[in-house]
Amino acid sequence: MESGNHTAISKFLLLGLSEDTDLQPLLFGLFLFMYLVGVIGNLLLILAVSSDPHLHTPMYFFLSNLSFADICFTSTTVPKMLVNIQTQSKVITYEGCLTQMYFFMVFAGLDNLLLTVMAYDRFVAICHPLHYMVIMNPRLCGLLLLLSWLICLTYSLLQSLMFLRVSFCEGTEIPHFFCELAQILKLACSDTLANNILLYFVTGLLGVVPLTGIFFSYSRIIYSIMGISSAAGKYKAFSTCGSHLSVVSLFYGAGLGVYLTSGTAHPSRKGSVASVMYTVVAPMLNPFIYSLQNRDMKAALRLFSRGAYSR
């Protein structure tokens, strides 16, 4: 069949996590609960940081931006899934799929780069405490955030433009609950070599380089902590990194699970189930990890809740 017969495609079919009709109400309730908990938790974290002057530091500046990215990250996929379950429809338009892919790549990449920047922030705070505020000045923090946004926006735009040249057969079924580029390219009816080369090159670059930066930062942090003589000093230094390490482990662990399950030639629902950890569970748990393991954050949340209640 000629490629011209495939270019007029107007929609895809998202098969979701399961076709069992009895499971749909359970899936709807579960994902609605996780989505609301994640959005409200991250929003509370942003409000607590912005309302407490003591938290107007580089660490919490990046943390509040990570929470914003997490809200947007889950909002690109879960609402559409909930609408499809509620309306018993599997349809997503071509334009809707392209838009979802674009913003998914933007905010997934932003999460990745912000975690790297936060690791650098902890490295400076522990290894160069006397120069921390000089190095991590507002200008540098703003530049790091701006650079992260520019990288993600540019990469996602490039991938989206490359996607426009790919042809699909009418009625293409995606065994996933959202439009993920790597999965959809496997369903194409035209050559996707250039798309796959770009996808794996940039994904590898944006995966390996940030992860290497995180490993380097924590190797230096551990080395510095080992040089502290008192046990109390070691605990205090390491406690400032515990939350970040937990979030990094969750993010990259879930991402690795998605990568391993999506390595097959034909997409399957195994990848979509693994993606739940990466796209829904991890963003939902992040505010709890930071608030439960951080005294300053817990104090700020209590202060914010008292202020909101008194009004």
Check: F168 main-chain N/O paired with T172 side-chain donor or acceptor under 3.5 Å: no
Can the ring centres of Y290 and H244 be said to be less than 6.0 Å apart? no
Counting only heavy atoms not in F103 (residues, nucleotides, ligands), do more than 12 fall under 6.0 Å from its CZ? no
Using atom types as modelled and distance alone, determine if a side-chain donor or acceptor of Q100 lies under 3.5 Å from a backbone N or O of C179. yes
Donor-acceptor pair, distance only, cut-off 3.5 Å: does the side chain of E95 make one with the backbone of K11? no
Set of side chain to side chain donor-acceptor pair (under 3.5 Å) partners for S67, sequence neighbours left out: N42
Would you list the atom pairs, donor with acceptor, under 3.5 Å between side chains in residues 25-34 and any protein atom, with sequence neighbours excluded?
none

Could you label the plane-to-plane angle of the F104 and F178 rings as parallel, tilted or perpendicular, counting under 30° as parallel and over 60° as perpendicular? tilted
Test item: N196 side-chain N/O and T192 main-chain N/O as donor-acceptor pair under 3.5 Å: yes
Among all residues two or more places apart in sequence or in another chain, which pass the ring-ring contact (aromatic ring centres under 6.0 Å, His included) test with H54? none
Within residues 98-128 or reaching into it, pairs that qualify as disulfide bond (SG atoms under 2.5 Å apart) - sequence neighbours excluded: none
Please table the atom pairs, donor to acceptor, closer than 3.5 Å between any side-chain atom in residues 202-216 and protein atoms at least two apart or in another chain.
| residue | atom | partner | partner atom | Å |
| --- | --- | --- | --- | --- |
| T203 | OG1 | L199 | O | 2.5 |
| T212 | OG1 | V208 | O | 2.7 |

N/O donor to acceptor pairs below 3.5 angstrom from side-chain atoms of residues 155-165, sequence neighbours left out:
| residue | atom | partner | partner atom | Å |
| --- | --- | --- | --- | --- |
| Y155 | OH | Q159 | NE2 | 3.4 |
| S156 | OG | V106 | N | 3.1 |
| S156 | OG | C152 | O | 2.7 |
| S160 | OG | S156 | O | 2.8 |
| R165 | NH1 | N195 | OD1 | 2.8 |

Check whether T154 reaches the backbone of I151 with its side chain - one donor and one acceptor, N or O, closer than 3.5 Å. no
Does N137 reach the main-chain N or O of V134 with its side chain, forming a donor-acceptor pair under 3.5 Å? yes
Specify the closest pair of heavy atoms between L181 and M101, including all atoms of both residues, with the distance to one decimal. CA-SD, 3.6 Å
